[in-house]
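Structure, as structure tokens:
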Amino acid sequence: MAAYYATGARVQRKPVDSCGCYFLSPPMLTHSRAALVRAVAACAGCREAQALHSLAWKLGLASDVVLATALLIRYAKRGLLATAQRLFDEMPRRDVVACNAILAALGSAGGRAAGARALFERMADRTPATWNAMVTCYCRADDLGSARLVFEASLRAGSSSVVSWNAMINGYCKAGRMDAARDLFDLMGRTLPDVVTWNTIMAGYLHRGEPATVIAMFHRLVHIHQQQQQHEEEHKLRPTTVTMATVVTACTQVGDSALGRQIHLQIRQQGTRVDAVLSNALMDMYFKCGSADCALDIFRTMPCRPNLFCWNTVIAGLGMNGRGEDAVTAFRDMVEGGRKHEVKPDAVTFVALLSACSHSGLVAAGRKLFADMLPVHGVPPQTEHYGCVVDLLCRAGRVDEAARLVRAMPGRPNAKLLGSLLLLDARAPERQEDGVRLSEWAARRISEMDLGDGAAYGLSNVYASLQRWERVEEHRKGVRAAAGHGKGTRRKQPGRARYDLASSCAN
DNA sequence: ATAGGGTTAG
């Protein structure tokens, strides 16, 4: 295990007592402790952390606060909150940093706010990190009222920093309360916000579906930074990798590929560090504006190894550019990937891959990949995967096979899947006999469903295409009823069905 | 050794 070698401790020497503990001279022990802390902070998986943990025991360093805190953070980051908590409970003495670390762990575990608050109250000396961890804890627990109270108390206690403001603003952004986030941002004035504040609020607008606001703020940020350079002030508003990833994504969403390319140029000119996330945002931008080769250039010259997101973007991007064979090849590269470099696919990978097969008519390949999902790749097929395969089979005219698949699938097919089955089936004129029967079957399943969501709009269009007017009326009534009881959240607008049967059957 | 920001499908 590589992490062992990183410690520099010669632990291969003979154990000196019956417990299997090793004896090291004091200078050697100091050296080993520092090396262990570094190794723990750098290690990737929890297997490594466990190995280093037992090594710490054997070296008699188990009660070392700094080492235990480093391990606690590793476990928490791997989602092993119980292990982290046990480590904390078993510490012979705890300092502020250890307490702050467990507070942060409780927060990232999804708002264990009550436990965090109890510890927070018991803490005699609190640092800004203590207050901020508590604010974040409440934000993650969706208790913004309590978060705000703690935030304001930290201001009064004189134990706040720009990080406190950023944590609170981020809480509002994640809750979609951009008005409250913007109020706080404006309260900060001209000098307090740093680049993270800007990144946070820009990401908030992006998340709320306001990419144009993100782009406007980016221009303002660049302008302020240029002014700072002219006046030789401190450059704390220099756009970062994160800024660039956010604004590139905004360009993709508004479809402004000219600005996207210009920002790509700025990134290269200014020497912005390019990591996996920024590469991914750029690739996605190029794929979506039809420049698949530019996207692949970025992929090939990435300064780091592609992660799951990057592979998914490449597979989806090749698919949407009509390059299904290349998408399948990319998938092979992903899962084979050379020793230790493979990336495990997830559910998103297979939606991208199967739709790529569907768009390029790769029936045999798609069917095989679908069949391999669980047994070979360990990804259980979900309704959307069945939808992709139904699409694939229907387009290739294999309607019977599609019908068998839907009938055999676990769980209930959703309206979207049934709709595409119904539509694509009825579309194949040479299969009129089977087609009518299958359409009837799908229509019956649909009529049994609760159509309280946007699916009803699409389906009423499908029915209209099929000229089954009585069913159109039935479903439009259903849509009106659903609209009346809606909670006023995002609702899909009625639009055209994806496949217009009426026009394709006109002659 | 601790607190704040970014990416993928349909």
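To the nearest angstrom, P of B:dA9 lies 14 Å from CE of A:M334. Between A:I73 atom CD1 and B:dA3 atom P there is a gap of 7 Å when expressed in whole angstrom units. The CZ atom of A:R305 sits 23 Å away from the P atom of B:dT7 (whole-angstrom rounding). Regarding A:D284, its CG atom lies at a distance of 17 Å from the P atom of B:dG6, rounded to whole Å. The interatomic distance linking A:F350 (CZ) with B:dG10 (P) rounds to 16 Å, in whole Å. Protein atom CE of A:M283 is 11 Å distant from nucleotide atom P of B:dT8, rounded to whole Å. B:dG6 atom P lies 15 Å from atom CG of A:N307, rounded to whole Å.
Note on A:R148 versus A:D143: no salt bridge recorded, every NZ/NE/NH1/NH2 to OD/OE distance being 4.0 Å or above.
By the side chain to side chain donor-acceptor pair (under 3.5 Å) test, A:S355 pairs with no residue at all, sequence neighbours left out.
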Derivation and outcome, side chain to side chain contact (heavy atoms under 4.5 Å, CB included), residues A:T246 and A:T243: CA-CA 5 Å; A:T246 308; A:T243 321; 5.9 Å; no
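Residue pairs meeting the salt bridge (charged side-chain N to carboxylate O under 4.0 Å, His left out) criterion with at least one member in residues 176-201 of chain A, sequence neighbours excluded, are A:R182-A:D186. Residue pairs satisfying the salt bridge (charged side-chain N to carboxylate O under 4.0 Å, His left out) criterion with at least one member in residues 294-311 of chain A, sequence neighbours excluded, are listed as follows: A:D297-A:R300.
The aromatic ring centres of A:F120 and A:W131 sit less than 6.0 Å apart. Aromatic rings from A:F185 and A:W198 are positioned such that their centres are separated by under 6.0 Å.
To the nearest 0.5 Å, atom CE of residue A:M244 and atom CD of residue A:Q270 are 5.0 Å apart. Atom CD1 of A:I315 and atom CG of A:L353 lie 6.0 Å apart (nearest 0.5 Å).
Taking every side-chain heavy atom of A:T241 into account, B:dG6 is the closest of B:dA9, B:dG6, B:dA3. Nearest to the side chain of A:V242, among B:dA1, B:dG6, B:dA3, sits B:dG6.
Ring geometry for A:F350 against A:H377 counts as tilted: the plane angle lies between 30° and 60°, on a 0 to 90° scale.
Contacts with DNA chain B (heavy atom under 4.0 Å) in residues 309-317 of chain A: A:F309, A:N312, A:T313, A:A316, listed by number. Of the residues in residues 169-186 of chain A, those with a non-hydrogen atom less than 4.0 angstrom from any atom of DNA chain B are A:N170, A:K174. Within residues 120-131 of chain A, the residues having any heavy atom closer than 4.0 Å to DNA chain B are, in order of number, A:P128, A:A129.
Contact annotation: A:K288 side-chain N/O to B:dT7 OP1/OP2 distance is not under 4.0 Å.
Within 3.5 Å, no donor on the side chain of A:N280 pairs with an acceptor on the base of B:dG6, nor the reverse.
Annotation: A:K236, atom NZ; neighbour count of heavy atoms from other residues, nucleotides and ligands within 6.0 Å is above 12.
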